[in-house]
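Notes to accompany the following structure.
We use all heavy atoms of the structure for the numbers below, so side chains are in, but hydrogens, waters and symmetry mates are not. Within every chain, numbering begins at 1; the chains are lettered A, B, ... in the order of the sequence lines, protein sequences first and strands thereafter.
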Protein chains: 2
Amino acid sequence: MGIDELFRALGDPTRREILRLLRDGDLSAGELAAHFPLAKSTLSGHFTILRHAGLIVAERRGTTIIYSLSIGAVEELAAAVMALLGAGAVGARAKWPGTAPRRKGSEKGEAR
Amino acid sequence: MGIDELFRALGDPTRREILRLLRDGDLSAGELAAHFPLAKSTLSGHFTILRHAGLIVAERRGTTIIYSLSIGAVEELAAAVMALLGAGAVGARAKWPGTAPRRKGSEKGEAR
DNA sequence: TCGGTATTTCGCCAATAATCGAATTATATT
DNA sequence: AATATAATTCGATTATTGGCGAAATACCGA
């Protein structure tokens, strides 16, 4: 349940969609898989990654496994975001893109 | 500056360390590179990824390029986290990991 | 214009990640 | 015990990523 696993888990659109679906209620592995054009084994891999990141929890009921959102990682995620960008960024140091001093030949979106 | 680029950019420890360093003040590409045992070209690639994610901005000054934290992405990041886990997770639905199922068998209003 | 410094871009390679179908495990039902 | 169903694990394949050194680009000063 480290920061790295957390951000990496969220860095995939399929996995974010799984989380979004679970926001509307718990779903079984099969029900979740039905929402994607991917093999069940592929989805199963995504579940494992999300579980290791602390973003979902699994509960077996009979032959099916029900997945639910877990807020265990939310606190860690919020703390990480704040530590990286939060307090420092809100202060005077950070810049809104486009508000940098406009010197000759400086950035401008795609500064190359 | 999409959600995907944002999370992927944050999913690498070197890039997170770059952001952490920039929290204490702007630094040039060379000054940043000096903090890592990596080739400058490798760091340059990380800068590009962070810039595309909207997490940093570049300003050329003479031959050097100064990087600064940008809060342009913070709002988007916060919104994404909330959309995925926030409101829904804070409610009654999500579980803390390790929380025993309240009552086996039938507390899911409607098992779908 | 020439030389020096800072940084990026370009090929290339190794490691990691995403995907699939087939085989396997776990549970329930008859 | 045999069968059926749900999900995972396994082995192989392809795509993406992170890394390097060398070459190219951008800028400054003499």
Selection from C:dA18, D:dA7, C:dT8 that lies nearest to any side-chain heavy atom of A:S28: D:dA7
Sorted by number, the residues of residues 37-44 of chain A with heavy-atom contact under 4.0 Å to DNA chain C: A:P37, A:L38, A:A39, A:S41, A:T42
Closest listed nucleotide, where the reference is the side chain of B:T64 and the choices are D:dT17, C:dT7, D:dT8: C:dT7
Grab the N/O contacts between the protein and nucleotides 11-15 of chain D below 3.5 Å, and write none if there aren't any.
none

Spacing of CG belonging to A:L84 relative to CD1 belonging to B:I18, to within rounding of 0.5 Å: 11.5 Å
Distance test, side-chain N/O of A:R15 to OP1/OP2 of C:dA18, below 4.0 Å: yes
Between C1' of D:dT5 and CD1 of A:I65, the distance in whole Å: 13 Å
Whole angstrom value for the distance that separates C1' of C:dA17 from CG of A:L50: 14 Å
Under 4.0 angstrom between B:Y67 side-chain N/O and C:dA6 OP1 or OP2: no
Pairing residues for B:I65 by the side chain to side chain contact (heavy atoms under 4.5 Å, CB included) criterion, not counting sequence neighbours: B:A58, B:R60, B:Y67
Residue mapping more 5' on DNA chain D - nearest nucleotide basis, A:G45 or A:R8: A:G45
Partner residues of A:E17 under the salt bridge (charged side-chain N to carboxylate O under 4.0 Å, His left out) criterion, sequence neighbours left out: A:R20
Sugar-phosphate only, base, or nothing, as touched by B:L32 at under 4.0 Å among non-hydrogen atoms: nothing
Angle of first-five versus last-five pair axes in the helix from C:dT1-D:dA30 to C:dT30-D:dA1, to 10 degrees: 20°
N or O in side chain of B:H46 less than 4.0 angstrom from D:dT17 OP1/OP2: no
B:R8: partners by side-chain hydrogen bond (donor to acceptor under 3.5 Å, both in side chains), with sequence neighbours left out: B:D4
Salt bridge (charged side-chain N to carboxylate O under 4.0 Å, His left out) involving B:E76 - partner list, sequence neighbours excluded: none
Whole angstrom value for the distance that separates P of C:dA15 from CG of B:D12: 17 Å
Run the side-chain donor-acceptor check on residues 39-48 of chain A: report pairs under 3.5 Å with partners two or more places apart or on a different chain.
from  : atom 1 : to    : atom 2 : distance (Å)
A:H46 : ND1    : A:R15 : NH1    : 3.1
A:T48 : OG1    : A:S44 : O      : 3.2

Give me, pair by pair, the N or O atoms of the protein and of nucleotides 1-4 of chain D that are less than 3.5 Å apart, along with how far apart they are.
none

Residue pairs, two or more places apart or on separate chains, that pass ring-ring contact (aromatic ring centres under 6.0 Å, His included) and touch residues 8-41 of chain B: none
